[in-house]
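The block underneath contains the structure these notes are about, expressed in structure tokens.
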Amino acid sequence: MKNASLKNLFFPTLSEHKKKVEVNSESTRTNSHSLAYICVGSEREQRREREQVMSKQTYSVCFCWRRRFKLALAEAPSEIKTLFEQYSENEIMTPSHLKRFLVEVQKQEKATEEEAQAIIDSFRHFHRRGVGLNLESFFKYLFSDDNPPLLPSHGVYHDMTLPLSHYFIYTGHNSYLTGNQLSSECSDVPIINALKRGVRVIELDIWPNAAKDDINVLHGNTLTPPVELIRCLRSIKEYAFVASEYPVVITLEDHLTPDLQAKVAEMVANTFGDILFTPNTESVKEFPSPDSLKRRIIISTKPPKEYLGAKEKDKGDDSQHEKGKEDGKASGEDEAWGKEVPSLRGGTIEDYKDNNVDEEDLNDDDESDESDKLPHNVAPEYRRLIAIHAGKPKGGLEECLKVDPDKVRRLSLSEQQLEKAAINHGKQIVRRRPHIGSCAWGFTQRNILRVYPKGTRIDSSNYNPLIGWMHGAQMVAFNMQGYGRSLWLMHGMFRANGGCGYVKKPDFLLETGPDNEVFDPKAKLPVKTTLKVTVYMGEGWYYDFKHTHFDQYSPPDFYTRVGIAGVPSDTVMKKTKAIEDNWLPTWNETFEFPLSVPELALLRIEVHEYDMSEKDDFGGQTCLPIRELRSGIRAIPLNSQKGEKYPSVKLLMRFEFIN
């Protein structure tokens, strides 16, 4: 960044900007890649102030001397220049040239010259009006928000007319907690935030208040201050369909007496009115479809049983006190980015070394089927609310996974219980099983399987969601406040299908093969395709971070981690070299990822700043569903640790699928 006109960091679309800032004309003549930066409001003033010092950026060392660094200009990587030469004439890319580039390189087979002209027009400030793109404006287009890695126009495109059991559903765990599982405040705010992000399953633990005349939401047998149930219900009604019109499921973990259950029924009915879905019969043979339940609220819980008293140990989500706090304590790196996602290789999950769950432990779950113990005074109006029945029959995993041809249900397993089920009964979770006199299915083909975090995750951390998804579990319940790599995978999965919160499961999880074979995620499978990823460069950190954020004494040393989260044979992470002392790092490195199950694969992208003496600093992340990834050269916006998009930080990358 050698002069004051170095406002050469790329922005969304020109239509979003209001005013062009004049730049020194001599600087523009001497460097063809210098240009005016356009921005609005206070952001423009902040950037202008920073840019005034960009060419003379200095760092203080030991209070007695300063290090000065020349800041390089961003310019198109050599491969981009070569492609421009190939698809232009006399240094101008006309609409016909651009259309050919879109079809041949970007694999946008349906691109038209009209679309190409629209792109040219939107970047008319950087080229001769109406003629075409020059190298500078072509580079601007590639590195703009007009060129995203996922196609925004896709919207909801999966078949939404199938039963609910045919979809992965964006699911929260203890949705009311603001922080850890033991002492954080209970509030409707995290519920609102989850719904705004597109989460479709909200979990509420309902308990009597101190006077036992009203209902609170809290994490039982902990120090979490409660929030009133009615407040949570009203917030759900207000925000349920802000991000998606598809149904919201409220899972209730019920610790109430029959009279309070009746009060809950009245609250729910009065709050939601006509948008509350109530089935005509208590048990159904097949779940309705998301399409048929648009803008509806669904209640899911176990049928009411005899009230056991608030003092009884809550076992529905594993004991919170099974082990000491040490198991849930995060290391320094965990605090920075979250623990690396546990590996699924080798038949077990590394994170579950302490998994000693016995099949008998399943009967301790709060959802055990105790209908034979129902008292005569159970509130019938509460029972009628339940559209998705939860329950866990006695007899261990074998009984839990049996399929009833006459009714469907929801089963909840902890992550440890699912791991054991996957080892000992893996195919049974997915496959069709012979059944006399009826069409038999694997458990998750007809029923809903919910997986929740083990009780020792008192810090609200999460597990590898792939253990649930690759066995067909629809509701992989996550602590949405448990920021880190596992949650980034969750965000990535549900960017698919227009971000509506429902993603249709791959066909191999819904049916058996031609020879009645069953999908086995741990089997060695043939490679279907290879994803070739080129990491060109990155930009935007200078504008989104203080200049000493990464290093007190010099510009940052960025590197990129890129890899795949998926079935065990596909999972891998690789990284680029670190580029020293550069706010605009250029890597130009290529990686190949063979994929045997691309339908379940997610592309992981992280940027970190290398620090020789301390832990590396976080510089941004994103996670993208492979089955919706666009081929070609794309601008990849990066997000914060909480999943919030940075205003400026992005990478320029290329994706190619090699069959």
Side-chain angles (χ1 to χ4, degrees), residues 158-159 162-169 171 287 341-349 352 397-398 400-403 408 411 413 415 417-435 439-451 463-476 489-490 492-494 496-497 502-531 564-572 593-603 625-628 659:
H158 294 181
D159 182 358
L162 303 171
L164 289 174
S165 56
H166 287 220
Y167 301 87
F168 298 131
I169 309 173
T171 302
F287 289 118
V341 179
S343 171
L344 298 180
R345 294 178 182 272
T348 59
I349 297 182
Y352 304 148
L397 279 170
E398 186 73 25
C400 285
L401 297 173
K402 280 187 176 178
V403 176
V408 290
L411 170 68
L413 297 176
E415 55 177 295
Q417 291 167 348
L418 178 63
E419 170 64 5
K420 184 174 183 67
I423 294 171
N424 299 328
H425 307 275
K427 294 183 179 180
Q428 184 179 334
I429 301 174
V430 179
R431 73 182 173 190
R432 296 176 187 267
R433 302 178 63 216
H435 199 288
C439 177
W441 297 76
F443 186 84
T444 57
Q445 290 173 327
R446 275 179 49 81
N447 300 282
I448 289 177
L449 177 60
R450 173 180 170 269
V451 186
Y463 50 100
N464 188 338
L466 268 301
I467 183 63
W469 293 332
M470 69 187 188
H471 288 101
Q474 296 87 351
M475 296 182 178
V476 177
L489 298 186
M490 181 68 67
M493 170 62 82
F494 289 100
N497 200 27
Y502 288 81
V503 174
K504 182 179 174 295
K505 294 195 288 188
D507 288 343
F508 56 75
L509 290 175
L510 299 173
E511 55 192 34
T512 52
D515 299 321
N516 205 35
E517 68 270 20
V518 181
F519 174 69
D520 182 357
K522 294 175 182 175
K524 181 65 176 177
L525 301 170
V527 172
K528 288 184 180 178
T529 187
T530 296
L531 174 62
I564 301 295
V567 298
S569 59
D570 291 347
T571 300
V572 66
F593 301 101
L595 300 173
S596 57
V597 189
E599 298 89 344
L600 290 176
L602 298 164
L603 178 65
I626 295 292
R627 56 176 165 174
E628 293 197 10
N659 295 322

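Everything numeric in this text was worked out from a predicted model, so none of it was measured.
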Would you check, one step at a time, whether the test side-chain contact (heavy atoms from CB on, under 4.5 Å) holds for I467 with E419?
CA-CA 7 Å; I467 183 63; E419 170 64 5; 3.4 Å; yes
Stepwise, does the side-chain contact (heavy atoms from CB on, under 4.5 Å) test hold for T444 with K505?
CA-CA 10 Å; T444 57; K505 294 195 288 188; 3.9 Å; yes
Test Y463 against V451 for side-chain contact (heavy atoms from CB on, under 4.5 Å), laying out the working first.
CA-CA 10 Å; Y463 50 100; V451 186; 3.6 Å; yes
Working note: L509 + F168, criterion side-chain contact (heavy atoms from CB on, under 4.5 Å); need CA distance, chi angles, decisive distance, verdict.
CA-CA 11 Å; L509 290 175; F168 298 131; 3.9 Å; yes
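The CG atom of L531 sits 6.0 Å away from the CG atom of L603 when rounded to the nearest 0.5 Å. Taking OG1 of T571 as the reference point, atom CG of L600 lies at 10.0 Å (rounded to 0.5 Å). Separation of atoms CG (N464) and CE (M470) is listed at 7.5 Å; rounding is to 0.5 Å. Note: Q474 CD to L449 CG = 6.5 Å, rounded to the nearest 0.5 Å. Between the NE2 atom in H166 and the CZ atom in R446 there is a gap of 9.0 Å [rounded to 0.5 Å]. With values rounded to the nearest 0.5 angstrom, L401 atom CG is found 9.5 Å from N447 atom CG.
Taking each heavy atom of L525 and S596 in turn, the nearest pair found is O-CB, 3.7 Å. Taking all atoms of both residues into account, the shortest heavy-atom contact from G492 to L602 is C-CD2, 4.0 Å. Across all non-hydrogen atoms, the minimal contact from G566 to L466 is O-CG, 3.7 Å. Looking at every heavy atom in both residues, F593 comes nearest to V572 through CD2-CG1, 3.5 Å. Pairing each heavy atom of V527 with each of T530, the nearest pair is CG1-OG1, 4.0 Å. I448 approaches F443 most closely through the heavy-atom pair O-CE2, 3.9 Å.
At distances below 3.5 Å, at least one donor-acceptor pair connects side-chain atoms of Q445 with backbone N or O atoms of L510. At distances below 3.5 Å, not a single donor-acceptor pair connects side-chain atoms of D570 with backbone N or O atoms of I564.
K504 meets the side-chain hydrogen bond (donor to acceptor under 3.5 Å, both in side chains) test with D507; sequence neighbours excluded. Residues that satisfy the side-chain hydrogen bond (donor to acceptor under 3.5 Å, both in side chains) test with S165, not counting sequence neighbours, are absent from this structure. Under the side-chain hydrogen bond (donor to acceptor under 3.5 Å, both in side chains) criterion, T529 pairs with N659, sequence neighbours left out.
Among W469, F494, Y167, the one residue that satisfies the side chain to side chain contact (heavy atoms under 4.5 Å, CB included) test with V503 is F494.
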